[in-house]
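The figures that follow rest on heavy atoms only: side chains count, while hydrogens, waters and symmetry mates do not. Keep in mind that what you see is a predicted model, and the values were worked out from it rather than measured. Residues: numbered from 1 along the sequence shown.
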Amino acid sequence: MSNIYIEAYKTFFKIGLFTLGGGYAMIPSIESEVVDKHGWIKREEFLDLVAIAQSCPGVLAINISVYVGYKIRSLRGALCTALGTATPSFVIILLIAMFFHRFQEYTAVQAVFNGIRPAVVALIASPVFTLAKSAKIGLVNCWIPVVSALLISLMGVNPIYVLVTAGFCGYVYGMLVNQTD
């Protein structure tokens, strides 16, 4: 049997190394590893975890990894998973910072980045649809994320206000539903 700390570090290192596009693009990989492969958390709990990780300050993937690590082995587990997630990005960014200025003018390098951009958008969009399905967002309530996105992107409303308002409205709605039962 392998050491859980090493296994957790390796799992999140692999996620950090092979997932491009930021935290949202990492969500399917993290879910596959921690829910399906290792069973460290349940699928229902994963959806709540993503919501909590989005609400907390900091990098989404790090927030998720800290929660998972803490759940499996307390503070040491959280440290292992956080380091596993951050190490590949740190090393890659360091290498890019050291050498990118020498290559950024080349047409081939610019073409590669132009090709990567649409793929990154797709990597970010994919978990949105998965999360919407898991959160049971359908035709009745799909207006909530659409209006929220429009408020943030077009009107410049601070996302914190949107989250607080949505949380308050959800609380009020829950209270009204419980009163009718």
Side-chain angles (χ1 to χ4, degrees), residues 1-98 120 122-137 144-145 148-149 152 158-175 177-178:
M1 182 162 168
S2 67
N3 183 327
I4 188 69
Y5 299 110
I6 294 171
E7 187 67 28
Y9 178 86
K10 285 186 342 186
T11 297
F12 279 91
F13 184 89
K14 180 174 70 171
I15 290 167
L17 185 63
F18 292 111
T19 308
L20 302 173
Y24 293 103
M26 291 179 166
I27 291 172
S29 297
I30 295 171
E31 182 178 19
S32 172
E33 288 288 329
V34 303
V35 175
D36 300 331
K37 184 176 179 186
H38 295 288
W40 289 331
I41 62 174
K42 294 180 171 84
R43 190 165 311 283
E44 307 80 42
E45 186 179 7
F46 186 77
L47 179 62
D48 294 336
L49 164 60
V50 172
I52 291 167
Q54 287 176 310
S55 304
C56 296
V59 179
L60 179 68
I62 296 290
N63 291 347
I64 292 173
S65 69
V66 166
Y67 178 89
V68 172
Y70 193 84
K71 174 126 177 145
I72 59 176
R73 283 292 191 267
S74 195
L75 185 60
R76 288 182 183 169
L79 185 62
C80 288
T81 54
L83 286 173
T85 305
T87 302
S89 297
F90 176 76
V91 171
I92 290 168
I93 296 292
L94 183 64
L95 292 172
I96 288 172
M98 290 171 47
V120 169
L123 288 171
I124 293 170
S126 175
V128 168
F129 294 114
T130 303
L131 289 173
K133 187 175 169 184
S134 298
K136 296 178 178 60
I137 294 176
I144 298 169
S148 298
I152 293 167
N158 189 319
I160 293 171
Y161 297 141
V162 173
L163 284 172
V164 169
T165 303
F168 176 75
C169 291
Y171 174 77
V172 169
Y173 176 77
M175 295 300 288
V177 168
N178 285 340

_Smallest separation among heavy atoms of T85 and A61, with atom names_ = CG2-CB, 3.8 Å
*Mind running side-chain contact (heavy atoms from CB on, under 4.5 Å) on I52 and N63 for me, showing each step along the way?*
CA-CA 9 Å; I52 291 167; N63 291 347; over 6 Å; no
*Heavy-atom count around L95 CG within 6.0 Å, excluding the residue itself: above 12?*
yes
*How long is the span from the CD1 atom in I160 to the OG1 atom in T165, to the nearest 0.5 Å?*
11.5 Å
_Using every non-hydrogen atom in the two residues, find where L60 and A53 come nearest and quote the distance to one decimal._
CD1-CB, 3.6 Å
*Near Y70 OH, under 6.0 Å, is it more than 12 heavy atoms from other residues, nucleotides or ligands?*
no
*Distance from N3 atom CG to K10 atom NZ, nearest 0.5 Å?*
10.0 Å
*Taking all atoms of both residues into account, what is the closest heavy-atom pair of A8 and T81, and its distance?*
CB-CG2, 3.7 Å
_Which heavy atom of C80 sits nearest to which heavy atom of Y5, and what is that distance?_
SG-CB, 3.7 Å
*Stepwise, does the side-chain contact (heavy atoms from CB on, under 4.5 Å) test hold for E7 with T11?*
CA-CA 6 Å; E7 187 67 28; T11 297; 3.9 Å; yes
_Apply side-chain contact (heavy atoms from CB on, under 4.5 Å) to residues D48 and Y67 and explain how you reach the verdict._
CA-CA 11 Å; D48 294 336; Y67 178 89; over 6 Å; no
*What are the two closest heavy atoms between I41 and F46, and how far apart are they?*
CD1-CD1, 3.7 Å
*Straight-line distance of I15 CD1 to L17 CG, nearest 0.5 Å*: 11.0 Å
*asked:* On a heavy-atom basis, which atom in A82 and which in S65 lie closest, and how many Å separate them?
replied: CA-OG, 3.6 Å
Quick one: side chains of residues 26-35, donor-acceptor pairs under 3.5 Å with protein atoms, not counting sequence neighbours, listed by atom name and distance.
unit_1 : atom_1 : unit_2 : atom_2 : d
E31    : OE2    : R43    : NH1    : 2.8
E33    : OE1    : H38    : NE2    : 3.4
E33    : OE2    : K14    : NZ     : 2.9

*Find the distance between CD1 (I93) and CE (M98) and round it off to the nearest 0.5 Å.*
13.0 Å
_Distance in Å, F18 CZ paired with F13 CZ, rounded so as to fall on 0.5 Å steps_ = 8.0 Å
